[in-house]
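On a predicted model such as this, the values are computed, not experimentally measured, just so you know.
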Amino acid sequence: MRYKYIHVLAALFLIVGMAVQVIVTYRHARRNAQEMIDLKMQVALDQLRFSLHDAYDAADQMEAFVADNLSKREKMYDETLSLIKRYPNFYSCYVSFPEYYYPDEGRWFSPCSYRIHDSIYTIKFGDELHDYFTREWYKGALQSGDKGYWSQPYVDEDFDETIFTFSNDMVDEDGNLICIVALDFSVSWMKQLLEEYKPFDEAVCMIYNSNGKLLTTSDNLKERDPSLLTEDRWMLSRLTLDPVDIDIVFAVPRAHIWQKIWLGILLPFVVFVLGIMVVGVLIRRMLRDQMEKAGLQTEKEVVMRELHIANKIQMGILRHDFPNDKDVEVNAALLPMLNVGGDLYDFSRQGDFLWFIIGDVSGKGVPAALFMSATVNLFRSALGHQTSPKAIVEEMNKVLSDKNPSLTFVTAFIGRLHIPSGHLLFCNAAHMPPLVRDKACNVKRIEMEPNIPLGYKGNYKFVEESCALGENEKLVLYSDGVTEARNEAHKMMGDDVWMKIVANDENLLESVKQYIGKGEPSDDITLMTIYKKSVVS
């Protein structure tokens with residue numbers, strides 16, 4: 001009799017155990033879901049921040065151009081067009097001068113380029129109906145100082161588009177205003193980027209201004225009152241996007257998540273009640289599943305592991321067997337801003353000739369890394385049958401321009417050094433001009449034709465040039481991530497500081513890192529040096 005109800009006790013024991021397991025699994029699944037939402041949110045915000053920080057670099061580039069071309073007004077139109085092409089996340093670019101700065105232009109003179117869908121237009125902005133002196137971004141820049149001004153989102157009357165603007169004043173040595181450089185970002189661009197990072201299809205992304213006004217939201221929320229998104233029914237993740245002071249919210253319906261969790265748990269629970277044997281089988285299966293789950297990493301760890309693997313693959317593509325021969329020494333280093341990046345370098349010694357390339361792909365992250373890999377492989381392939389840098393550049397440009405819907409491009413400098421004579425034949429595709437340090441530690445920049453980047457126009461005819469590299473002279477090649485590196489005070493290194501480093505320091509990468517300090521890198525950093533030694537007979 002004492003064993004009469006043993007099966008009942010066993011069933012009750014198993015049911016209690018299953019109930020405990022239900023609670024544990026429920027909490028574990030809820031925690032994983034929240035971690036994935038927070039991770040997706042953080043990745044989206046990081047991408048937005050990287051894109052917004054392009055505004056500082058773009059404004060510096062435009063101000064430098066204006067300073068060199070104040071007497072060449074027509075060139076300013078071309079530079080605004082070039083800037084919009086280089087930064088696809090910019091909606092428009094203005095260079096707005098004070099009243100009657102150029103008397104023959106009238107009261108207003110503001111070269112401007114703006115984007116509508118896939119087309120870019122260039123105009124002279126400013127008239128009675130478009131008095132930019134009264135615009136918030138113009139007045140804000142006058143009062144903002146060196147940090148620039150970020151506007152709150154507003155509706156552009158001409159294009160019926162919600163945008164926000166970064167603007168910065170440019171003054172002369174006496175503090176007199178030269179112009180205001182302004183760059184617009186579209187809120188719809190932000191929304192499109194956020195949609196790509198939604199953790200679930202049913203999730204909703206919303207963008208609010210600093211006053212709590214809803215600017216835009218997902219299509220599936222057009223007919224719904226956003227105030228109904230309460231935390232008892234939705235999992236909410238809210239972060240502020242600085243420096244714009246915009247709130248980004250991801251909302252995921254709890255019912256959607258919990259329904260999947262409960263359906264996956266309650267069905268085994270019901271089966272357990274049907275009989276001890278079935279319960280035992282399901283318990284073993286459940287325990288096995290739980291052991292497998294315990295061995296899995298969190299979503300964030302999986303992403304970081306995959307990026308780490310991608311970094312190893314990318315670094316494996318680059319050469320590390322740097323030659324240190326009696327007549328020439330080559331060194332190179334690449335420091336990606338993210339785990340993976342778009343900078344590249346490569347070299348190959350063929351008898352008395354040293355071939356080399358350094359490049360910088362537009363954009364960041366995994367897409368840029370893929371384009372970087374293709375560029376390196378094209379260079380290596382062309383070395384097998386081409387005999388000049390110009391021929392290699394034009395072959396690579398034709399391949400990269402073909403079927404390039406994303407308009408990704410790469411700046412590159414390709415050279416061929418005849419080591420005994422020091423004759424350097426090169427072709428530059430819109431990359432940073434190299435520096436030469438002589439044996440007296442004097443540094444000069446090689447003047448050259450910039451040409452256009454690779455991948456932009458397949459039938460472009462590039463200009464090939466040459467110069468001489470003397471004994472005990474060092475050729476220093478680098479990407480713009482070096483000169484545009486910023487320290488903790490957000491101050492850009494610039495050409496002057498960089499040339500002093502080249503003149504005085506041997507370990508260039510460590511000097512760049514020391515300058516950045518605790519500041520966050522804003523771009524990939526790549527360096528290559530070629531030292532032509534003095535050969536003793």
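Annotation for Asp496: atom CG does not count as buried by contact number, only 12 or fewer foreign heavy atoms lying within 6.0 Å. The neighbour count for Gln514 CD, taken as heavy atoms of other residues, nucleotides or ligands under 6.0 Å away, does not exceed 12. More than 12 heavy atoms of other residues, nucleotides or ligands shown are found within 6.0 angstrom of NZ on Lys124. Heavy-atom neighbours of Asp321 CG from other residues, nucleotides or ligands within 6.0 Å: above the threshold of 12.
In this model, no donor atom of one side chain and acceptor atom of the other lie less than 3.5 Å apart for Ser167 and Thr165. Between the side chains of Ser362 and Thr408, no donor-acceptor pair is found at a separation under 3.5 Å. For the residue pair Ser479/Asp360, the side-chain donor-acceptor check at 3.5 Å is not satisfied. If you check the side chains of Glu161 and Tyr114, you find no donor sitting under 3.5 Å from an acceptor.
Phe409 has its ring centre no less than 6.0 Å from the ring centre of Tyr456. For an aromatic pair to be called close, the ring centres must be under 6.0 Å apart, and Tyr94 with Phe125 satisfies this. Between Phe90 and Phe185, the distance separating the two ring centers is shorter than 6.0 angstrom.
Note: Tyr56 and His490 have perpendicular aromatic rings, judged against thresholds of 30 and 60 degrees for the angle between ring planes. Taking the six-membered ring where the residue is Trp, Phe347 and Tyr345 present parallel rings, their angle staying beneath 30° rather than reaching 60°.
Between the side chain of Glu464 and the backbone N or O of Lys390 there is at least one donor-acceptor pair closer than 3.5 Å.
The only option from Phe413, Phe462, Trp355, Phe356 that meets the ring pair (Phe, Tyr, Trp, His ring centres under 6.0 Å) definition with Phe426 turns out to be Phe413. When the options Arg349, Lys532, Lys533 are evaluated for a salt bridge (Lys or Arg N to Asp or Glu O under 4.0 Å) with Asp325, the one that passes is Arg349.
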